[in-house]
2 protein chains.
Amino acid sequence: MRVTIKDIARAAGVSHTTVSRALRDSEEIRPETRARIRAIAEALGYRPNPVARALQGRRTQTLGVVVTRLSDPFHTEVVQGIEMVAQARGYGVLLSLSHEDPEKERSIVELLAAKQVDGIIVAASRLGSRYLPMLEALQIPIVLINSHQTGPYVYSVATDNVHGGYLATRYLIGLGHRAIAYIGSRRGGRSNQDRYRGYRQALREAGLPLRPEWVVKGDGRVEGGEAAMRRLLETDPRPTAVFCYNDLTAIGALKAALRAGLRVPPDLSIIGFDGLEEGTYVTPMLTTVAQPRRQLGRLAAEMLLEILEGRPSPKHILLQGTLIERESCGPPG
Amino acid sequence: MRVTIKDIARAAGVSHTTVSRALRDSEEIRPETRARIRAIAEALGYRPNPVARALQGRRTQTLGVVVTRLSDPFHTEVVQGIEMVAQARGYGVLLSLSHEDPEKERSIVELLAAKQVDGIIVAASRLGSRYLPMLEALQIPIVLINSHQTGPYVYSVATDNVHGGYLATRYLIGLGHRAIAYIGSRRGGRSNQDRYRGYRQALREAGLPLRPEWVVKGDGRVEGGEAAMRRLLETDPRPTAVFCYNDLTAIGALKAALRAGLRVPPDLSIIGFDGLEEGTYVTPMLTTVAQPRRQLGRLAAEMLLEILEGRPSPKHILLQGTLIERESCGPPG
DNA sequence: TTGTATGCGTTATCAA
DNA sequence: TTGATAACGCATACAA
């Protein structure tokens, strides 16, 4: 049987109340009894029961984390960042996958709330503004990663997609490209729009035309990138550089280009977005705009913990991506 | 305030006991009252409090999951498989990362036990036989993925590494190779030994010599594979094919081979292990022995749930890998 | 078929 | 400084 404070109380000849106090470093207790009780607790191998504690105190020391799926290496790092912070601060991480299904996301968040998690972090939410009323009812703070909402219980940490798209496109322009395509993502939602906006902004500033046939869509995965690139290869004239919604798309684009016999570069330059490890697996290694993924997770977790523990915290944080020059870009040749 | 069974009881004019029964489909209750109470519960938006339920019933409906790190795509799929089963059966997943640190793994398992998880799944444990006494004390069933132990509370699901190594090597032999190298992993532990054993067995059967200079070690990651391949390229004669401990190693090996100007194939054939999605990102796409990763997670979760819910279950399951022919292997040329 | 009383392990309140 | 007692929300012997 498990050792409880009552067992300790019996062994020490005191009340369980005293034990509870001694164990929690209450001030209103004599140092000697405190020490004595602690020694007994130690000897008996006492472990507090978090469930009972939660029932009493309304705190489970657990964070709910919702991501679409783990097979996406982007989320993986985010979750890792969250877990590291949580573990260091004594919190558990209750992980759930939504599989990009808004309805499922909703029910998961409600389930997590029912499970009494202290707070929730959602990466790449598909629920948008539908959170607000729900959270109002749930009364649980939520931190959104890479999606933005404003409301009483809603916080967010995100990377600046407009800036990132701008950065990528500027880089290509700086290399001398004037024919730059964009492979977006059907499923990218707001982040896709924003990266596209950064792309257009850079083109505009450089006085380059926006050619509709050079703007195509993938699905955020390798296959989608491949298919999109094949369409791009049929345009005439062909772009000399491509900015891709994310690294997986870029990897697909690269595959299609290599298959078509192009040299990358100089025949074509490809830049991705995310900064995935996977980008170094391919030849040439992928140049990309890196999101601070782990940082994103870390900050979200820290933010949530600050809120939970009643410390001041910003409500929204916007991070900047950084360019990682590898091998897939060069001057047009 | 949150709605409890007492609130419902008050509204329905019955005792909270009756409510409790009505909500749990107890047989000893009149259908009408049952329906009436359920309606009221619904109307009030009642959600049972799992914490209270856990305190009472000693079940948290939560599974503890321990993996070394999520940045390894192998674990990612395993966790995904676990989560899917758990979610479908109404269980939560409490995820913790051990970062390959045995001491941390140990403390995490103890922490999870303290948190009252109903059972634990550990992927790629580093703790070995040190589990046994711990579990004896904790009294919690544990399912080990890809590591094997025997003991009262210990179960396991694993892939047959000897068979997998044999399969890969046989395949190369079948292609006509007689000079086959192995790039292992310093950190692969038992699984590395087993795959190596399968490799030797296939060589022996085919009457091929085991050349020590063709057996080198990576670290299970891309960089290690690259470095190992560079060493292999200096041997004379050079192998015409390489079996790699895992896909990341193989990707590294491929990179090094391509850098050295080799054509893969015919100059060199490379086969990996795991069946990662990442193997399709590279050109040529990686031929590999696939582990049923998601299946591994799924089975582990199902096994654990069977045990928890008192149904019969095998204690140990061994799965066979399957060959996926892609593009990185061909006859020696 | 329903209700009363009690317990799960902890913390909080109030007395002593 | 300590202890008795009552919650927290639910489940369950036992009684009615």
Side-chain angles (χ1 to χ4, degrees), chain A residues 1-38 40-41 44-62 90 92 111 113-118 138-140, chain B residues 1-38 40-41 44-62 90 111 113-118 138-139:
Chain A
M1 219 41 232
R2 193 176 168 132
V3 181
T4 75
I5 50 172
K6 285 183 186 168
D7 299 321
I8 301 174
R10 209 172 304 126
V14 298
S15 77
H16 74 276
T17 310
T18 305
V19 175
S20 174
R21 275 197 278 255
L23 261 25
R24 278 174 307 121
D25 267 332
S26 171
E27 284 147 23
E28 41 182 31
I29 200 161
R30 200 170 354 138
E32 316 158 30
T33 39
R34 204 190 72 109
R36 191 164 58 90
I37 289 173
R38 298 212 140 203
I40 295 178
L44 261 45
Y46 170 75
R47 300 242 156 246
N49 182 336
V51 175
R53 203 172 252 176
L55 180 59
Q56 158 63 31
R58 280 135 163 49
R59 280 290 167 92
T60 53
Q61 298 269 104
T62 302
L111 193 76
K115 283 220 172 199
Q116 312 271 77
V117 297
D118 297 336
L138 262 31
Q139 311 227 40
I140 290 189
Chain B
M1 218 42 231
R2 192 176 170 132
V3 182
T4 76
I5 51 171
K6 283 183 187 168
D7 299 320
I8 301 174
R10 210 171 304 123
V14 297
S15 78
H16 72 275
T17 309
T18 305
V19 175
S20 173
R21 277 196 278 254
L23 262 25
R24 278 173 309 117
D25 267 332
S26 172
E27 284 146 23
E28 42 182 29
I29 199 160
R30 202 177 345 145
E32 318 158 27
T33 38
R34 203 190 73 109
R36 190 164 59 89
I37 289 173
R38 297 215 141 202
I40 295 178
L44 262 43
Y46 170 74
R47 302 241 155 248
N49 181 336
V51 175
R53 202 171 254 175
L55 180 59
Q56 156 64 28
R58 279 135 161 51
R59 280 289 166 91
T60 53
Q61 298 269 104
T62 302
L111 193 75
K115 284 221 172 197
Q116 313 269 76
V117 297
D118 297 337
L138 263 30
Q139 311 225 39

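None of the values given here were measured: they were computed from a predicted structure. Convention: sequence-line order gives letters A, B, ...; per-chain numbering from 1.
- Using a 4.0 Å cut-off, some side-chain N or O of B:S20 falls inside it from OP1 or OP2 of D:dA11.
- Between A:R53 and the phosphate of C:dT11, there is a side-chain N or O to OP1/OP2 separation shorter than 4.0 Å.
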Exercise. Could you check B:R21 against B:T17 for side-chain hydrogen bond (donor to acceptor under 3.5 Å, both in side chains), going step by step and ending with a plain yes or no?
Key: CA-CA 6 Å; B:R21 277 196 278 254; B:T17 309; 5.3 Å; no
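- Contacts of B:V14 with the nucleic acid, taken as non-hydrogen atoms under 4.0 Å apart, involve only primed sugar atoms and P, OP1 or OP2.
- When distances run from any side-chain atom of B:S15 to the nucleotides C:dC8, D:dC10, C:dG3, the shortest one goes to C:dG3.
- In this structure, the nucleotide among D:dA13, C:dT6, D:dG3 sitting nearest to the side chain of B:T17 is D:dA13.
- Set against C:dT2, C:dT10, D:dT5, the side chain of B:R30 has C:dT2 as its closest nucleotide.
- Rounded to whole angstrom, the span from the CD1 atom of A:I29 across to the P atom of C:dT11 amounts to 12 Å.
- Note on the helix from C:dT1-D:dA16 to C:dA16-D:dT1: angle between the axes of the first and last five pairs equals 50°, rounded to 10 degrees.
- When distances run from any side-chain atom of B:R21 to the nucleotides D:dT2, C:dT2, D:dA11, the shortest one goes to C:dT2.
- Listed candidates were D:dC10, C:dT10, D:dA11. Nearest to the side chain of B:P48 is D:dC10.
- Set against C:dT10, C:dT2, D:dG9, the side chain of B:T4 has D:dG9 as its closest nucleotide.
- For A:L55 and D:dC10, the CG to P distance is 9 Å, given to the nearest whole Å.
- The residue among B:R24 and A:G13 whose nearest nucleotide of DNA chain D is located toward the 5' end is A:G13.
- The base of C:dT4 lies outside donor-acceptor range of the side chain of B:H16, with no N or O pair under 3.5 Å.
- Judged by atom type and distance alone, B:Q56 does not reach the base of D:dG9 through any side-chain donor-acceptor pair under 3.5 Å.
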